[in-house]
**Q** 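Just dropping this structure here.
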Amino acid sequence: MQSYLWVFNEMPERDWLLVACVLIAITSLPLAMRWIPPNAFYGFRTKFTRSSPAVWYPANAFMGRAMFLASIASAALILYGPRLATWWTSLAVVLLPLAIATLAGFVYLRHLRETLQRR
């Protein structure tokens with residue numbers, strides 16, 4: 001019986017990180033397109049975003065676009081940037097843009113809350 005585990009052993013970490021970037025980009029597109037209704041499983045879920053559809057859709061659209069751009073930037077750095085010495089630095093190339101996108105999402109959520117309170 002032939003084992004297919006060789007795929008996992010021979011795939012360099014660079015390829016795994018690219019796969020992660022593609023998966024993040026694919027899963028962020030439905031949020032950016034406002035296709036995902038408020039739910040308890042998928043999306044930018046906070047107490048405030050789940051409070052109403054008027055908050056859910058703009059917050060998740062922003063977060064979807066931010067995560068999509070972060071994953072594209074990470075993939076571009078992995079493909080076209082300099083070769084990184086360790087797998088930790090390669091992982092940081094993926095995680096840092098995602099962390100910045102997440103922070104931007106919370107800043108946007110704060111802005112959205114202030115905007116809705118003024119109305």
Side-chain angles (χ1 to χ4, degrees):
M1 188 162 127
Q2 184 178 4
S3 172
Y4 293 100
L5 292 177
W6 62 269
V7 172
F8 299 108
N9 293 332
E10 293 184 13
M11 197 170 182
E13 69 272 355
R14 179 176 174 250
D15 294 342
W16 282 112
L17 294 173
L18 286 173
V19 167
C21 290
V22 169
L23 289 175
I24 292 166
I26 289 170
T27 57
S28 65
L29 282 177
L31 295 171
M33 302 298 290
R34 299 174 185 241
W35 291 342
I36 306 300
N39 66 79
F41 303 106
Y42 176 49
F44 186 37
R45 296 172 297 117
T46 66
K47 189 174 182 179
F48 182 55
T49 58
R50 293 177 62 194
S51 65
S52 79
V55 176
W56 174 269
Y57 287 105
N60 276 280
F62 179 87
M63 194 64 170
R65 289 189 303 267
M67 294 302 257
F68 182 80
L69 291 174
S71 64
I72 296 301
S74 295
L77 284 171
I78 291 168
L79 288 173
Y80 303 113
R83 282 280 190 219
L84 300 170
T86 65
W87 69 274
W88 282 102
T89 54
S90 299
L91 185 62
V93 165
V94 174
L95 294 180
L96 187 61
L98 293 176
I100 292 169
T102 303
L103 179 64
F106 280 107
V107 170
Y108 178 76
L109 197 59
R110 185 179 195 180
H111 167 75
L112 190 60
R113 182 185 309 245
E114 291 170 359
T115 302
L116 290 175
Q117 285 177 350
R118 282 189 228 136
R119 289 185 186 176

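Predicted, not measured: the structure shown is a model, and the values here were computed from it.
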**Q** Check for me, please, whether Leu103 and Leu112 land in the same ILVMFWY cluster - side-chain distances under 4.5 Å, paths through other members count.
**A** no

**Q** How far apart are the closest heavy atoms of Pro38 and Tyr57, and which atoms are they?
**A** CD-OH, 3.7 Å

**Q** I need the Asn60 CG to Met67 CE distance, nearest 0.5 Å.
**A**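 Going from CG on Asn60 over to CE on Met67, the span is 11.0 Å.
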
**Q** Should the ring pair Phe44 and Phe106 be called parallel, tilted or perpendicular, given that the plane angle runs from 0 to 90° and is split at 30 and 60?
**A**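 Rings of Phe44 and Phe106: perpendicular, as their planes differ by over 60°.
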
**Q** Heavy-atom count check: over 12 atoms from other residues, nucleotides or ligands less than 6.0 Å from Arg34 CZ?
**A**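 Atom CZ in Arg34 is packed in, count exceeds 12.
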
**Q** Determine the minimum heavy-atom distance between Cys21 and Ile78, stating which atoms define it.
**A** SG-CD1, 4.2 Å

**Q** Would you compute the distance between atom CZ of Arg113 and atom CZ of Arg118 and round it to the nearest 0.5 angstrom?
**A**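 Spacing of CZ (Arg113) from CZ (Arg118) equals 13.5 Å.
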
**Q** Give the minimum heavy-atom separation between Pro97 and Ala92, together with the two atoms involved.
**A**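 For Pro97 and Ala92, the tightest heavy-atom pair comes out as CD-O, 4.0 Å.
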
**Q** What's the separation between atom CG in Leu98 and atom CG in Leu69, rounded to the nearest 0.5 Å?
**A** 11.5 Å

**Q** Out of curiosity, does Phe68 fall in the hydrophobic cluster containing Tyr108 (side-chain heavy atoms, cut-off under 4.5 Å, transitive links)?
**A** no

**Q** Applying side-chain contact (heavy atoms from CB on, under 4.5 Å), run through Tyr42 and Thr27 and close with a yes or a no.
**A** CA-CA 9 Å; Tyr42 176 49; Thr27 57; 3.9 Å; yes

**Q** I want to check something: taking the side chain as every heavy atom from C-beta on, are Leu17 and Val93 in contact at a cut-off of under 4.5 Å?
**A**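 With C-beta onward as the side chain, the pair stays apart.
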
**Q** To the nearest 0.5 Å, what is the distance between CD1 (Ile24) and CD1 (Ile72)?
**A** 10.5 Å

**Q** How far apart are the closest heavy atoms of Ala40 and Arg45, and which atoms are they?
**A**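 It is O-NH1, 2.9 Å.
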
**Q** What distance separates Leu116 CG from His111 NE2, expressed to the nearest 0.5 Å?
**A** 9.0 Å

**Q** Give a yes or no on whether Leu95 and Leu79 share a hydrophobic cluster (residues Ile, Leu, Val, Met, Phe, Trp, Tyr; joining criterion: side-chain heavy atoms under 4.5 Å apart).
**A**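 Yes, Leu95 and Leu79 fall within the same hydrophobic cluster.
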
**Q** Would you say the side chains of Ser74 and Ser71 form a donor-acceptor pair under 3.5 Å?
**A**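 Distance-only check fails for Ser74 and Ser71.
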
**Q** Please tell me whether Leu91 and Tyr80 are part of a single hydrophobic cluster in this structure, the criterion being side-chain heavy atoms less than 4.5 Å apart.
**A** yes

**Q** Minimum heavy-atom separation for Met63 and Gly105, please, with both atom names.
**A**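 Of all heavy-atom pairs spanning Met63 and Gly105, the closest is SD-CA, 3.7 Å.
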
**Q** Report the distance from atom CG of Leu31 to atom CZ of Arg65, rounding to the nearest 0.5 Å.
**A**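 The CZ atom of Arg65 is 11.0 Å from CG of Leu31, to the nearest 0.5 Å.
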
**Q** Is the backbone of Ile36 close enough, under 3.5 Å, to the side chain of Trp56 for a donor and an acceptor to pair up by distance?
**A**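 The answer is yes, because a donor-acceptor pair under 3.5 Å joins these two groups.
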
